[in-house]
**Q** 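Once you've had a glance at the structure underneath, I'll fire off some questions.
So that the names make sense, note that chain A is the first sequence line, chain B the second, and so on, each numbered from 1. What's counted below: heavy atoms across the whole structure, side chains too, no hydrogens, waters or symmetry copies. Note that the structure is a prediction, hence the values are computed from the model and not measured.
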Number of protein chains: 2
Amino acid sequence: MSQSGAPLRRDVAEHITGRIVDGRLPAAARVNEVHLAAELGVSRTPLREALVELADRGLLVAEPNRGFRVPPLDLDEARKLYPLVGELEALALRWTAPQDLLGLLDRLEQQAEQMEAVLEGGGDLSVLDDNWHGLLLSACANAHLMRLIVQTKPLLKRYDVLYFGGPERARRSLDEHRRILAAIRAQDLNEAARQLTQNWANGAAYLGCRPR
Amino acid sequence: MSQSGAPLRRDVAEHITGRIVDGRLPAAARVNEVHLAAELGVSRTPLREALVELADRGLLVAEPNRGFRVPPLDLDEARKLYPLVGELEALALRWTAPQDLLGLLDRLEQQAEQMEAVLEGGGDLSVLDDNWHGLLLSACANAHLMRLIVQTKPLLKRYDVLYFGGPERARRSLDEHRRILAAIRAQDLNEAARQLTQNWANGAAYLGCRPR
DNA sequence: TTCATGGAAGCTGAATACAGTTGAATCGAA
DNA sequence: TTCGATTCAACTGTATTCAGCTTCCATGAA
């Protein structure tokens with residue numbers, strides 16, 4: 001741990017986010033500050049600062065005199081999170097300068113092809129998919145919107161990890177990526193945004209199936 | 001200060017938000033934790049927790065080994081914040097059950113009329129306007145979206161306080177409120193959302209004029 | 001057995017203490 | 001005088017301490 005310069009709470013918050021997302025801090029679990037601080041090798045002070053931050057993002061819930069808990073998994077919440085992230089990303093796409101998007105096309109194509117290859121090989125696309133979306137929105141100049149997106153995605157990722165969806169979902173998603181790229185090339189940002197919203201909305205369709 | 005049950009950081013965060021919004025903590029100012037903690041009558045611990053929270057929302061910026069600062073005012077940022085809040089609120093409106101909206105109509109009308117009266121009397125509409133928007137979206141069931149809205153608005157409020165816009169903006173805004181209500185009554189949520197977006201977009205038009 | 005009660009251990013929330021960094025003022029040399 | 005080094009006060013970041021609340025177990029009465 002410990003990145004140069006940055007305060008401890010930064011690394012701690014990222015670490016805990018990872019634990020929540022992948023379930024190492026399971027849903028509904030209480031956070032024991034003393035234990036966790038010891039485990040991370042920091043004192044309770046920067047740990048608590050990180051917890052406060054994550055609670056503000058909805059990734060933890062604070063209960064007075066009872067500390068912090070991982071929110072319980074709630075399919076209804078998940079069904080609302082997918083469209084939310086979809087709308088946020090679509091907004092970011094619509095607010096990206098078209099010429100900047102065109103400039104990203106090549107790299108987006110490349111990554112899409114790489115994903116095709118990985119899919120053929122039966123590999124895991126989740127990281128690549130995240131990167132692709134990140135690249136797609138990397139030219140959006142609205143910093144606050146981008147912050148909201150980055151802060152909201154881990155909430156959803158928690159469900160995404162659970163309900164993987166398998167190769168058929170990956171297939172579908174990749175097709176949607178293709179359509180997004182086609183729309184961008186055709187200078188039809190509205191269509192691209194529509195497809196992007198759809199891409200996320202479809203994620204919700206796999207909720208409840210294929211828990212791994 | 002000190003609300004029953006809630007941790008100190010809650011009250012402290014709200015208090016500081018108020019100070020930033022109304023300029024008592026001016027743009028670009030550094031926060032002195034020792035002084036501010038003494039002034040608020042709390043220790044640095046809950047104060048810092050509040051500062052961390054606000055920095056995560058973009059209402060403060062953290063500089064390593066240099067503490068927290070109020071972000072400088074930036075018209076370009078403001079021009080992006082108005083549409084952002086507009087889109088978020090429009091989304092919340094579209095995601096509100098139509099019957100719930102109809103149930104709010106009477107109270108929304110009432111408040112609109114009250115605002116008309118206050119406008120006639122030359123009073124300040126900002127608080128009433130906030131309340132009206134709050135009521136309009138009070139039935140939206142997407143908790144995470146609502147959290148994003150609540151957390152984002154203070155960023156914008158800072159500019160709203162500076163560029164008041166005067167009675168002509170209030171007039172315009174009230175007319176837009178009327179159109180929103182009419183669209184809701186006509187069961188045309190898309191039109192209502194469009195008008196709501198417009199309502200916020202117009203706010204940006206007054207940026208730069210009428211600094212008070 | 002079941003339920004209420006007491007109390008101790010453990011935990012959180014807040015205050016205080018400590019350490020390392022920053023920044024500004026002072027001093028000295030060119 | 002000006003530039004640079006140096007020192008020191010002030011401040012932040014982190015650790016530790018303290019107080020009060022929770023929780024759980026043990027005890028005992030109904």
**Q** Could you state the CZ-P distance from B/F68 to D/dC11, rounded to the nearest angstrom?
**A** 16 Å
**Q** Round to a whole Å and report the spacing from CZ of A/R44 to P of C/dG10.
**A** 15 Å
**Q** Judged by each residue's nearest nucleotide on DNA chain D, which is more toward the 5′ side, B/T45 or B/V34?
**A** B/V34
**Q** In whole angstrom, give the distance that lies between atom CG of B/L36 and atom C1' of D/dT12.
**A** 14 Å
**Q** Within the 3.5 Å criterion, strictly below it, is a donor on A/H177 or A/Q195 matched to an acceptor on the partner's side chain?
**A** no
**Q** Output the rounded distance in Å from CG (B/L60) to C1' (D/dT12).
**A** 15 Å
**Q** Whether A/S43 contacts D/dT14 is assessed here as follows: a side-chain N or O lying under 4.0 Å from the phosphate OP1 or OP2. Is that the case?
**A** no
**Q** Between C1' on D/dC11 and CZ on B/R69, what's the gap in Å once rounded to a whole number?
**A** 16 Å
**Q** Any idea which of C/dG13, D/dT22, D/dA15 is nearest the A/E33 side chain?
**A** C/dG13
**Q** Quick one: A/L47 CG to D/dG13 P, roughly how many Å, whole number?
**A** 17 Å
**Q** Name the nucleic acid region contacted by B/V31, choosing base, sugar-phosphate or nothing; use a 4.0 angstrom heavy-atom cut-off, strictly under.
**A** sugar-phosphate
**Q** Is the B/W200 ring parallel, tilted or perpendicular to the B/H133 ring (thresholds 30°, 60°)?
**A** tilted
**Q** When you measure from the side chain of B/N32, which nucleotide among D/dT12, C/dT12, D/dT14 comes out closest?
**A** D/dT12
**Q** Could you tell me whether the phosphate oxygens of C/dC11, OP1 or OP2, come under 4.0 Å of any side-chain nitrogen or oxygen in A/H35?
**A** yes
**Q** Of B/P64 and A/R48, whose nearest nucleotide on DNA chain C comes first from the 5' end?
**A** A/R48
**Q** Name the residue closer to the 5' end of DNA chain D, choosing between B/R66 and A/P46 according to the nucleotide with the nearest heavy atom.
**A** B/R66
**Q** To the nearest Å, give me how far apart CG (A/N65) and C1' (D/dT22) are.
**A** 8 Å
**Q** Between A/S173 and A/N199, does any side-chain donor sit less than 3.5 Å from a side-chain acceptor?
**A** yes
**Q** Check the side chains of B/R94 and B/N190 for a donor-acceptor pair under 3.5 angstrom, ignoring hydrogens and angles.
**A** no
**Q** Quick one: do the B/E77 and B/Y159 side chains pair a donor with an acceptor below 3.5 Å?
**A** yes
**Q** For B/E63 and D/dG13, give me the distance from atom CD to atom C1', rounded to whole Å.
**A** 15 Å
